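Data first, discussion second: the structure below is written as structure tokens.
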Amino acid sequence: MSKERYEDTKLFRMRHSAAHVMAQAVLEKFPDAKYAIGPAIDDGFYYDFDLPRPLTPEDLEQIEARMRSIIRENHPFVRREISADEARQIFKDQPYKLELIEGLEQGGFDEHGEPLAEKPVISIYTHASFTDLCRGPHVERTGEINPDAIKLMSVAGAYWRGDEHRPMLQRIYGTVWYTSEELQQYLWKLEEARKRDHRKIGKELDLFSVNDEVGPGLILWHPKGAKVRKIIEDFWMNEHERSGYEFVFTPHIGRAALWETSGHLGFYKESMYAPVDIEGQQYYLKPMNCPFHIHIYKSQIRSYRDLPMRLAEKGTVYRYERSGVLHGLFRVRGFTQDDAHHFCREDQMPEEIDFVLDFSLHILHSFGFQDIKAYLSTRPEKADGEVARWNAAEAALENSLKRSGVPYEVDAGGGAFYGPKIDLKVNDAIGREWQLSTIQFDFNLPERFDLTYIGEDGQPHRPYMIHRALLGSMERFFGVLIEHYAGAFPVWLMPIQVVLIPIADRHVAYAQKVASELKLAGLRVRVDDRAERMNAKIRDAQNQKIPYMLVVGDKEMESGQVALRLRSGENPGPIPIATFLERAKKEIEEKI
RNA sequence: GCCGACGUAGCUCAACGGCAGAGCAACCGCCUUGUAAGCGGUCGGUUAUGGGUUCGACUCCCAUCGUCGGCUCCA
């Protein structure tokens, strides 16, 4: 069964129509308003307006209420095809519409500003008192929109045609569904996402912070967050070492000449920070690790026997991000990539891709991401490097994908100018997609740095270079992990795995004895010996998402047991210490 | 960077031209507890920062810094 395209669904038409209904409501409220464009989007619709004053939440309520009454009035949508001149007459007071008409006449752009293949007919849609320049399609009548399944969500600034040099308009976002149940479901998902927000959980679990005085977009990892990071990194290092990677360390700054050679000062400068002057020489903070790894490769003449070479580093890079885009751990100015560069021969290349794809999937699976999709991006129009290499690389990427069985999509022409790539995206617990891994060919840097190896024939050859990051960056990955698990990480990742809860003071010594035993077995354990009631200790441990709570009182002390409670609320009750240890070790081993 | 909202105790929030408050946390004490908050007390503030208006500013105005929602960007 082939999936219906969203654009062809009734839901899409309802949303687009709802945008018109909203525009009518806004126009009634602000007769002088200029209206721009109002398409359907993934979860709803928006419409951009030029208004005499900023909208308030009360305005939204009124507009929403008026929308419901317009819907109930059940106006038909009437389409009419008109000439450009007629359109100019109708929209003579609407500068944005006039500009759109101009564009349509020139050959046309769709609502995203993309050029259309053929010159479009100009059409208008009218319902009730409202007429809009619009390609359609719409529902037949406003009554087909479910008035109980609409909601206006927010107002935000948006540039006319997305151009920051053009006027800023007010964009009203709304959502519509077939049924109010679907609307409720959607709102529930938003609410769930809000509850999982890594910035909120990061504070509650004392994992990390960002501080004004330190600077925006710069992350402070607190002991508990750092513990999780260390566990992730230790695992990462072990898996890499086992799989034939070699570790390197490289500095945080490099001379301007390096970035000239790499080309970053040409095409990446706007993301780099201003240079520091050292004895009259300019040095730049690194936005990437590649040039350093390349110089390690170049530090001696390489033989074909040395390949493949896999250099890995948790490399901390700094990139300038505009202040408005910073977001918790997801968008920061300094971050640590789990970076590696593969250098290999042509005959090794397909196998190398097989290896790195399998390895990536293995790493992602280990963190509990089972639902993974791949995106293959191929050669764009403007591309560097030999076409033969592009083709070979793209074939290798696609073959690996097929062999691995990961579902994938091809973004034809979506690759970077310097090589094709595979991106891996994971679906989290509430169905959101996050891009984590990138496996990226680079045909540009080997040329720029004149990378070679000596082949069997005694002649220099150009190696293939593959850049890859699996988790992406430690910061972003940690953020995704927090939101995926809502802070309740698998036991192996928890900074504190076990809390001993003595019921009364006389049980503290026993709790400490049990704790030492568990620590000896490698568990991360705390004893909650505060002068609090057991109930309070349980509550705190629950809120901290501690996997195992071990309550000890008279009975346990007497029998040498612990009463196990889980963060799920399950209460398995008293068990021997050895039994608990076995269970915990098994769950840690299995990464549950 | 741009538009809008916002910035009050460690945290979550009140007060909205007229003496800056509560709960939690922290600290002290009492209680010695059986599966999600025991009780009492104490401490805690240049109301982000800097200017301005006013008899008087957390409150109004301006600027700066930061946060949030978007836009833009995302080699």
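Proteins come first, then strands; the chains are lettered A, B, ... in the order of their sequence lines, and each starts at number 1. Everything numeric in this text was worked out from a predicted model, so none of it was measured.
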Using atom [atom1] in both nucleotides, what's the gap between [N] and [M] to the nearest angstrom?
N: B/rG23; M: B/rG1; atom1: C1'; answer: 40 Å
N: B/rG51; M: B/rG69; atom1: P; answer: 32 Å
N: B/rU53; M: B/rG40; atom1: P; answer: 48 Å
N: B/rA9; M: B/rA20; atom1: P; answer: 15 Å
N: B/rU12; M: B/rA48; atom1: P; answer: 15 Å
N: B/rC3; M: B/rU59; atom1: P; answer: 23 Å
N: B/rC62; M: B/rA57; atom1: C1'; answer: 15 Å
N: B/rC68; M: B/rA63; atom1: P; answer: 22 Å

Among [options], which nucleotide has an atom closest to any side-chain atom of [X]?
X: A/Asn535; options: B/rU33, B/rU67, B/rA37; answer: B/rA37
X: A/Val325; options: B/rC71, B/rG70, B/rA36; answer: B/rC71
X: A/Ile538; options: B/rU67, B/rU33, B/rU35; answer: B/rU35
X: A/Ala504; options: B/rG70, B/rA37, B/rU33; answer: B/rU33
X: A/Ala536; options: B/rC31, B/rG1, B/rG38; answer: B/rG38
X: A/Arg565; options: B/rG70, B/rC73, B/rA36; answer: B/rA36

Over 60° means perpendicular and under 30° means parallel, so classify the ring planes of [Y] and [X], tilted if in between.
X: A/His295; Y: A/Phe449; value: perpendicular
X: A/Tyr35; Y: A/Tyr47; value: tilted
X: A/Tyr320; Y: A/Tyr273; value: perpendicular
X: A/Phe489; Y: A/Phe478; value: parallel

ring-ring contact (aromatic ring centres under 6.0 Å, His included) between A/Tyr464 and A/His342, intermediate numbers included: CA-CA 8 Å; A/Tyr464 274 81; A/His342 295 225; over 10 Å; no
Reckon [X] touches a base, only the sugar-phosphate, or nothing at all at heavy-atom distances under 4.0 Å?
X: A/Arg331; result: base
X: A/Met549; result: nothing
X: A/His327; result: sugar-phosphate
X: A/Glu556; result: base
X: A/Asp212; result: sugar-phosphate
X: A/Asn571; result: base
X: A/Asp554; result: base
X: A/Ala541; result: nothing

Candidates A/His293, A/Lys421, A/Gln337, A/His341 - the one meeting side chain to side chain donor-acceptor pair (under 3.5 Å) with A/His467: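 With A/His467 as partner, A/His293, A/Lys421, A/Gln337, A/His341 yield a single side chain to side chain donor-acceptor pair (under 3.5 Å), made by A/His341.
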Base B/rU32 paired with A/Asp505 side chain (donor-acceptor, <3.5 Å):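 Indeed there is one.
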Donor-acceptor pair present, A/Arg533 side chain and B/rA36 base, under 3.5 Å: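 No, the side chain and the base share no sub-3.5 Å donor-acceptor pair.
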Expressed in angstrom and rounded to an integer, what is the separation of [X] atom [atom1] from [N] atom [atom2]?
X: A/Ile172; N: B/rG69; atom1: CD1; atom2: P; value: 20 Å
X: A/Lys537; N: B/rU32; atom1: NZ; atom2: P; value: 14 Å
X: A/Leu326; N: B/rC2; atom1: CG; atom2: C1'; value: 15 Å
X: A/Phe208; N: B/rU67; atom1: CZ; atom2: P; value: 13 Å
X: A/Glu532; N: B/rG29; atom1: CD; atom2: P; value: 14 Å
X: A/Asn543; N: B/rA25; atom1: CG; atom2: P; value: 12 Å
X: A/His198; N: B/rC68; atom1: NE2; atom2: C1'; value: 13 Å
X: A/Arg530; N: B/rC24; atom1: CZ; atom2: P; value: 14 Å

side-chain contact (heavy atoms from CB on, under 4.5 Å) partners for A/Ala511, two or more places apart: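 Partners of A/Ala511 by the side-chain contact (heavy atoms from CB on, under 4.5 Å) criterion, ordered by chain and then number, come out as A/Leu500, A/Pro502, A/Val527, A/Val552.
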Counterpart residues, side-chain contact (heavy atoms from CB on, under 4.5 Å), relative to A/Ala193 (two or more places apart):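 side-chain contact (heavy atoms from CB on, under 4.5 Å) list for A/Ala193, sorted by chain: A/Ile430, A/Arg432.
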Any [X] side-chain N or O less than 4.0 Å from OP1/OP2 of [N]:
X: A/Tyr173; N: B/rC71; answer: yes
X: A/Arg171; N: B/rG69; answer: no
X: A/Arg199; N: B/rC68; answer: yes
X: A/Lys203; N: B/rU12; answer: yes
X: A/Ser323; N: B/rG1; answer: yes
X: A/Arg539; N: B/rA37; answer: no

Given RNA chain B, 5'-ward residue of the pair A/Gly569 and A/Ala416, judged by closest heavy atom: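 Looking at the nearest nucleotide for each, A/Gly569 comes out on the 5' side.
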A/Gly553 vs A/Gln170, nearer the 5' end of RNA chain B by closest nucleotide: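 Looking at the nearest nucleotide for each, A/Gln170 comes out on the 5' side.
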Paired and unpaired positions of RNA chain B as dot-bracket, Watson-Crick or G-U wobble under 3.5 Å, | denoting a partner strand: (((((((..((((....[..)))).(((((.......))))).....(((((..]....))))))))))))....
A/Arg255, CZ atom: more than 12 neighbouring heavy atoms under 6.0 Å: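 No - once you tally the heavy atoms of other residues, nucleotides and ligands closer than 6.0 Å, there are 12 at most.
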Distance flag, aromatic centroids of A/Phe292 and A/Trp259, threshold under 6.0 Å: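 That pair passes the under 6.0 Å test.
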Exam field: side chain A/Arg199 to backbone A/His327, donor-acceptor pair closer than 3.5 Å: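 Checked: no pair found.
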